[in-house]
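This report concerns only the one structure given below.
By convention here, the first residue in the shown sequence is residue 1. What you see is a predicted model, and the numbers here were worked out from it, not measured in a lab. Heavy atoms only: backbone and side chains are in, while hydrogens, waters and symmetry mates are out.
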Amino acid sequence: MIIEVLSILISLGLLMFFAYRGYPVIVFAPIFTLLAVVLSGISLLPSYTETFMTNAANYVKSFFPIFLLGAIFGKVMELSGAASSIAHTIVKALGSNRAILAVVLACSILTYGGVSLFVVAFAVYPFAAAIFREANIPKRLIPGTIALGAFTYTMDALPGTPQIQNIIPTTYFGTDAYAAPVLGTIGAIMVFVGGMLWLERRRKQAVTAGEGYGEGHTNEPELIKNESYMNIWVAILPLALVLVGNYLFSRGIWTVETWYDPAILKESFKIEKVKNVVSSWSLIISLCLGIIAAILINVKQVKNKLASGLTAAAMGSLLAIFNTASEVGFGNVVKTLPGFKLIQGWIMGASEHPLVSEALAVNVLAGVTGSASGGMSIALEVMSKQYLEMANAAGISPELLHRIASMSSGGMDTLPHNGAVITLLAITGLTHRQSYKDIFAITVLKTAVVFILAFAVSIF
């Protein structure tokens, strides 16, 4: 059993190392998956074609529309100038004295409004660099600041967020995107306050040491001068449509749950429970409305770049989902290996309370795969039924299972091999050595908050 557990750890370590070195996960995830299979003495080719590829394909089938529409929405928000207007307005309102807060809020509004995390990083970075330079804050703090605003509480804690990490649990628990709003809001406030305290502490340390923005950086954005921005109320209209539409179509007066006859859905489409697909359907409709609105608010500027923009968005969504699907395939093969049974037993035995056990399981697998959505999908695929049974026996609402799972996915996922971390560092022209310390601090904070909430609920 020791060798079988080591086979998993060795493969994971190699995947993290190669991702850290900049090698594509989509290529090396299957390679190190098969290495784990060989070391475990399991059949090689069936594990690849029937387990790895089948689970990767199922993930693409389930979530590709959301990845694609999210990428398109973010791109047309960028092309129309709406994303720039939102970021500029916040930065201008708060000023360079509150540079870190301004960047965090800009990222938060865009992410909570449905813009892809990757697009948020691209949209906000030029303004972050400009205001950090003006305030003479070290550039190395930008990735951690963007990570706090885009990769944490607006991604998976705040109720109603349209990010994929908040949609996946609905499939397993029959909930919707607004599950456990009080718990999620409390967690969001804790992460926001803790993250801001950390980043401000790091800024003050830099001031004391006499460190400024720095010179000789790579990927420096061009200085933004005399650019005209659209009215802020017009700019936020597409975001508002996504948020309001998502609520109305998921649990409001126009809920898609009542649009189709359940008997027909079951007989013709094999949909056993309509609730399991309501969140995905409502988000698909809402993103479509947001895309149309983002185009219409500035048709003149968008139309000439729409073809190339859609191509870029489609390519970006394909890369994002296939990277994640490869990590899902890796995790699903790992869960079939003998060594995983020992790991699963340790996780399930670590706590008798379903929320604590779930928080541990999702964090571990998100860390293994380097993907919040991938790790959570695997954990819930394997253990959601057990957690539901445990929760029902303890009188715990499935909504709490949803929120803890969602928030846990955004905990240890941001290890060095995480795709969003690698992309963020590439965008800002910085390295892991320069900036990962702050991203890791946010990661530890987020993970700690989830366990604090899970333990608090288990006690009370």
Side-chain angles (χ1 to χ4, degrees), residues 62-90 106-124 150 154-155 158 160-164 166-167 170 176-178 228-260 277-318 320-321:
S62 298
F63 300 112
F64 179 63
I66 296 174
F67 272 80
L68 177 62
L69 292 173
I72 292 174
F73 178 58
K75 194 62 181 179
V76 294
M77 284 288 288
E78 177 189 334
L79 293 178
S80 67
S84 297
S85 175
I86 293 168
H88 171 75
T89 301
I90 294 171
C107 291
S108 297
I109 290 173
L110 291 170
T111 308
Y112 193 59
V115 178
S116 162
L117 308 179
F118 297 95
V119 175
V120 169
F122 278 108
V124 173
T154 51
M155 183 179 82
L158 286 176
T161 176
Q163 299 297 329
I164 189 70
N166 189 41
I167 304 302
T170 64
D176 59 34
Y178 296 85
S228 59
Y229 298 96
M230 70 168 60
N231 184 283
I232 184 62
W233 299 110
V234 176
I236 64 174
L237 178 61
L239 302 183
L241 274 176
V242 172
L243 289 173
V244 174
N246 192 33
Y247 180 84
L248 292 176
F249 295 127
S250 62
R251 59 161 57 183
I253 56 175
W254 297 332
T255 174
V256 294
E257 188 174 355
T258 61
W259 288 13
Y260 307 100
V277 293
V278 165
S279 291
S280 294
W281 287 354
S282 62
L283 183 55
I284 287 170
I285 298 169
S286 302
L287 285 172
C288 288
L289 292 176
I291 290 167
I292 294 170
I295 294 173
L296 292 179
I297 60 176
N298 200 347
V299 175
K300 184 177 180 181
Q301 183 167 317
V302 172
K303 66 178 182 179
N304 294 329
K305 300 178 181 178
L306 186 59
S308 60
L310 291 176
T311 300
M315 294 299 292
S317 68
L318 284 171
I321 195 167

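- Side chains of F249 and W281 form no contact here, defined as non-hydrogen atoms less than 4.5 Å apart.
- Other residues, nucleotides and ligands contribute at most 12 non-hydrogen atoms within 6.0 Å of the CH2 atom of W254.
- Rounded to the nearest 0.5 Å, atoms CZ (F73) and CD1 (I292) are 11.5 Å apart.
- The nearest pair of heavy atoms linking P238 to G290 is CB-O, 3.7 Å.
- At a threshold of 4.5 Å between non-hydrogen side-chain atoms, the residues L239 and M77 count as touching.
- T255 is not listed as a side-chain neighbour of L248, based on a closest heavy-atom distance of 4.5 Å or more.
- Closest approach of K75 and A312 over heavy atoms only: CE-CB, 4.3 Å.
- Contact record, V278 with E257: CG2-CB, 3.7 Å, taken as the closest heavy-atom pair.
- Residues L237 and I297 share a closest heavy-atom pair of CD2-CG2, 4.5 Å.
- The side-chain heavy atoms of I295 and S80, taken from C-beta on, include no pair separated by under 4.5 Å.
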Intermediate values then yes/no, side-chain hydrogen bond (donor to acceptor under 3.5 Å, both in side chains), N246 and S282 | CA-CA 5 Å; N246 192 33; S282 62; 3.2 Å; yes
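- The distance from the CG atom of L69 to the OG atom of S317 is 9.0 Å, given to the nearest 0.5 Å.
- Looking only at distances, no side-chain donor or acceptor of D176 sits under 3.5 Å from a matching main-chain atom of S250.
- Side chains of L243 and Y112 form a contact here, defined as non-hydrogen atoms less than 4.5 Å apart.
- With T111 contributing its side chain and S108 its backbone, the two residues share no donor-acceptor pair below 3.5 Å.
- Between P162 and L287, every side-chain heavy-atom pair lies at or beyond the 4.5 Å cut-off.
- The shortest non-hydrogen separation linking V76 to A294 is CG2-CB, 3.5 Å.
- Counting heavy atoms from C-beta on, the side chains of I109 and I90 come closer than 4.5 Å.
- Under a 3.5 Å cut-off, the side chain of S85 and the backbone N or O of M230 do form a donor-acceptor pair.
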